[in-house]
Amino acid sequence: MQKIIDRFVKYVKIDTQSDDNNPDFPSTEKQWDLAHLLVEELNEIGMKDVTLDANCYIMATLPSNVDFKVPTIGFVAHIDTSPDFTGTNVKPQFHPNYDGKDIVLNKEQNIVLSPSYFDDLLLYKGQTLITTDGTTLLGADDKAGITEIVSAMEYLINHPEIKHGKIRIAFTPDEEVGKGAHMFDVEKFGAEWAYTMDGSQVGELEYENFNAAGAKVTINGKIVHPGYAKGKMINSMLIASDFIAALPKNEVPEKTEGYEGFFHLHGMSGEVEKTELEYIIRDHDLKLFEGRKVLFQKVADDFNKKLGSDIIQVEIKDQYFNMREKIEPVMHIVDIAEEAMKQLNIKPLIKAIRGGTDGSQLSYKGLPCPNIFAGGHNFHGRYEYVAAESIQLATDVIIKIVQITAERAK
């Protein structure tokens, strides 16, 4: 397992944070640093047809080692980390034989990872936890997934007695800013189906995700001298606060779970003359999702009618849709992953993703693509962690999936 840990640490020390404000593709040049390293490593371990295209997509092949026809399957992970929190100068910390107590990430800044707040920690008592030093994210999302795919391919190359069909792997840029599958060449990839290694807790197996939209609200005010403002000033920030309050107060991420959707205000900036709000709108049910977008626009329209002019402008853009519609006709691909986990004595946790993955967009592009656990927790922030044993288990699941796929094809 030390080799897997060393590989993971090597990846997370490379800053690959994407930028949701940059329309370029990829959105940051530093994603190429990990891409070039991965190309070199894939060639070193013996993968074939290793390519890195102009959009920073890496693809590679492990040829079949059987003389009968087996469906070509794929595994996908993303190389970027979230723009929500810095990924520069990551300093992984190791906690062997975790005792279930508080972990001091940073004594000087009093940053503590505690099971009293993050109770999932207790699932990993006795295991080796890898954390940050509290000043950056870790990058297990999704460098744990990359580690698992590369490690599984290396294991299969070194153990030809394990029979498998043709396997394709891909690493994508800009997943965290919603563009991970935009330039993905499904035809070139050439797999019948694939799995993203981008989930969290051990056992997670997901083929449902949110329908998603992003919304930008622009409120235009009018600035005049405050001493002479009566009847003249329009304070866009105060109107913004009223707009925020007009949306359902309990339909926010911190008050919802399971299949419940939400409106999430994730960014705002403003002054008297102009305020901008950035929202994401989410729901698993397509009809409810469409209703949320209608409600969002109606709130703005009602304010404009009351104010007597179009002070509030709303722009809503769909981002991705629930992949369940594309997976249900080919549920055998979920069954194979579930069976792989059961054979490894892992309890499958089949549930809906409260988010999205490359797999949701890839499924709509013709590549059915459920999501499998990568092992990390508390993504996108300073409290991110992963158990080394979880990375090993996910690696084992990949190996078992390719075995079962070949066995079923005989």
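This is a predicted model, so every value here is computed, not measured. Computed over heavy atoms, backbone and side chain alike; hydrogens, waters and symmetry mates excluded.
The heavy-atom pair separating Asn55 from Pro26 by the smallest distance is O-CD, 4.0 Å. When all heavy atoms are compared, the tightest approach of Gly199 to Phe379 is O-CZ, 3.8 Å. Of all heavy-atom pairs between Ala337 and Ile372, the closest is CB-CD1, 4.2 Å. Listed here is the closest heavy atom pair of Thr256 and Glu251: CG2-CA, 4.2 Å. Residues Gly139 and Phe8 approach most closely at O-CE1, 4.5 Å, considering heavy atoms.
With hydrogens and angles disregarded, no donor-acceptor distance shorter than 3.5 Å links the side chain of Glu384 to the backbone of Leu137. Checking side-chain atoms of Thr218 against main-chain N and O of Glu276 turns up no donor-acceptor pair under 3.5 Å. In this structure, Glu338 contributes its side chain and Pro348 its backbone to no donor-acceptor pair below 3.5 Å. Checked by atom type and distance alone, the side chain of Lys143 pairs as donor or acceptor with a backbone atom of Ile14 at under 3.5 Å. In terms of modelled atom types and a separation under 3.5 Å, the side chain of Arg282 and the main chain of Ala213 share a donor-acceptor contact. Using modelled atom types, one side-chain atom of Asp80 and one backbone atom of Glu176 make a donor-acceptor pair closer than 3.5 Å. A donor-acceptor pair under 3.5 Å links the side-chain atoms of Asn322 to the main chain of His284, judged by distance alone. Here the side chain of Asn220 pairs no donor or acceptor atom with the backbone of Lys274 at under 3.5 angstrom. In this structure, Asn304 contributes its side chain and Ile312 its backbone to a donor-acceptor pair below 3.5 Å.
A search for salt bridge (charged side-chain N to carboxylate O under 4.0 Å, His left out) contacts involving Asp174 returns Lys179, not counting sequence neighbours. Tyr11 meets the ring pair (Phe, Tyr, Trp, His ring centres under 6.0 Å) test with no other residue; sequence neighbours excluded. Scored by the side chain to side chain contact (heavy atoms under 4.5 Å, CB included) test, Tyr364 finds Phe321, Glu325, Lys326 as partners (sequence neighbours excluded).
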Please assess Gln93 against Ile103 for the test side chain to side chain contact (heavy atoms under 4.5 Å, CB included), listing each intermediate value before the final yes or no.
CA-CA 10 Å; Gln93 297 187 359; Ile103 299 173; 5.5 Å; no
Take Thr28 and Asp15 through the test side chain to side chain contact (heavy atoms under 4.5 Å, CB included) and record every step on the way to the result.
CA-CA 10 Å; Thr28 53; Asp15 183 4; over 6 Å; no
Intermediate values then yes/no, side chain to side chain contact (heavy atoms under 4.5 Å, CB included), Met268 and Ile244
CA-CA 11 Å; Met268 60 188 302; Ile244 294 166; 4.2 Å; yes
Val90 vs Thr132, test: side chain to side chain contact (heavy atoms under 4.5 Å, CB included). Steps then yes/no.
CA-CA 7 Å; Val90 173; Thr132 74; 5.5 Å; no
Return all side-chain donor-acceptor pairs below 3.5 angstrom for residues 43-51, not counting sequence neighbours, or 'none' if the list is empty.
residue : atom : partner : partner atom : Å
Asn43   : ND2  : Val39   : O            : 3.1
Thr51   : OG1  : Lys188  : NZ           : 3.4

Under 3.5 Å donor-acceptor pairs involving side-chain atoms of residues 387-399, not counting sequence neighbours:
residue : atom : partner : partner atom : Å
Glu389  : OE1  : Thr128  : N            : 3.1
Glu389  : OE2  : Thr128  : N            : 3.2
Gln392  : NE2  : Asp396  : OD1          : 3.0
Thr395  : OG1  : Ile391  : O            : 2.8

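Heavy-atom contacts from other residues, nucleotides or ligands closer than 6.0 Å to CD of Glu254 number more than 12. Heavy atoms from other residues, nucleotides or ligands lying under 6.0 Å from CD of Glu328 number more than 12. Under a cut-off of 6.0 angstrom, the local environment of NZ in Lys163 is crowded, with over 12 non-hydrogen atoms contributed by other residues, nucleotides or ligands. The number of heavy atoms from other shown groups lying within 6.0 Å of NZ (Lys10) is above 12. Heavy atoms of other residues, nucleotides or ligands lying less than 6.0 angstrom from CD of Glu315 number 12 at most. The local environment of NZ in Lys30 is crowded, with over 12 non-hydrogen atoms from other residues, nucleotides or ligands closer than 6.0 Å.
A salt bridge links Arg7 to Glu154: at least one charged side-chain nitrogen sits closer than 4.0 Å to a carboxylate oxygen. Between Asp302 and Lys298, at least one side-chain nitrogen of the basic residue sits less than 4.0 Å from a carboxylate oxygen of the acidic one, meeting the salt-bridge criterion. The residues Lys287 and Glu290 are annotated as not salt-bridged, no charged nitrogen and carboxylate oxygen being separated by less than 4.0 angstrom.
At a threshold of 4.5 Å between non-hydrogen side-chain atoms, the residues Glu192 and Ile333 do not count as touching. Taking 4.5 Å as the limit, some side-chain heavy atom of Leu277 sits within range of a side-chain heavy atom of Ile219. Looking at Met153 and Leu42, their side chains never come closer than 4.5 Å, going by heavy atoms from C-beta outward. Side-chain contact between Ile162 and Gln403 is present, with at least one heavy-atom pair separated by less than 4.5 Å. Considering only heavy atoms from C-beta on, Leu105 stays 4.5 Å or farther from Asp133 through its side chain. The shortest side-chain heavy-atom distance between Ser18 and Gln31 falls under the 4.5 Å cut-off. In this structure the side chain of Thr61 reaches within 4.5 angstrom of the side chain of Lys166, judged on heavy atoms. In this structure, the side chains of Thr275 and Ile239 stay at 4.5 Å or more apart for every pair of heavy atoms.
Between Phe296 and Phe263, the ring planes are parallel. Angles under 30° get that label, and only those over 60° would be called perpendicular. Between His377 and Tyr385, the angle of the ring planes stays under 30°, which puts this pair in the parallel group of the 30/60° scheme. Classified by interplanar angle (parallel below 30°, tilted 30° to 60°, perpendicular above 60°), the ring pair Tyr155/His159 is parallel.
If you look at Tyr57 and Phe189, their ring centroids are not closer than 6.0 Å.
Put simply, NZ on Lys400 and CD1 on Ile346 are 10.5 Å apart, with the number rounded to the nearest 0.5 Å.
At a cut-off of 3.5 Å, with distance as the only test, no side-chain donor of Asn371 or Thr357 sits close to an acceptor on the other residue.
Within the structure, the ring-ring contact (aromatic ring centres under 6.0 Å, His included) test picks out the following pairs touching residues 70-104 (sequence neighbours left out): Phe75-Tyr195.
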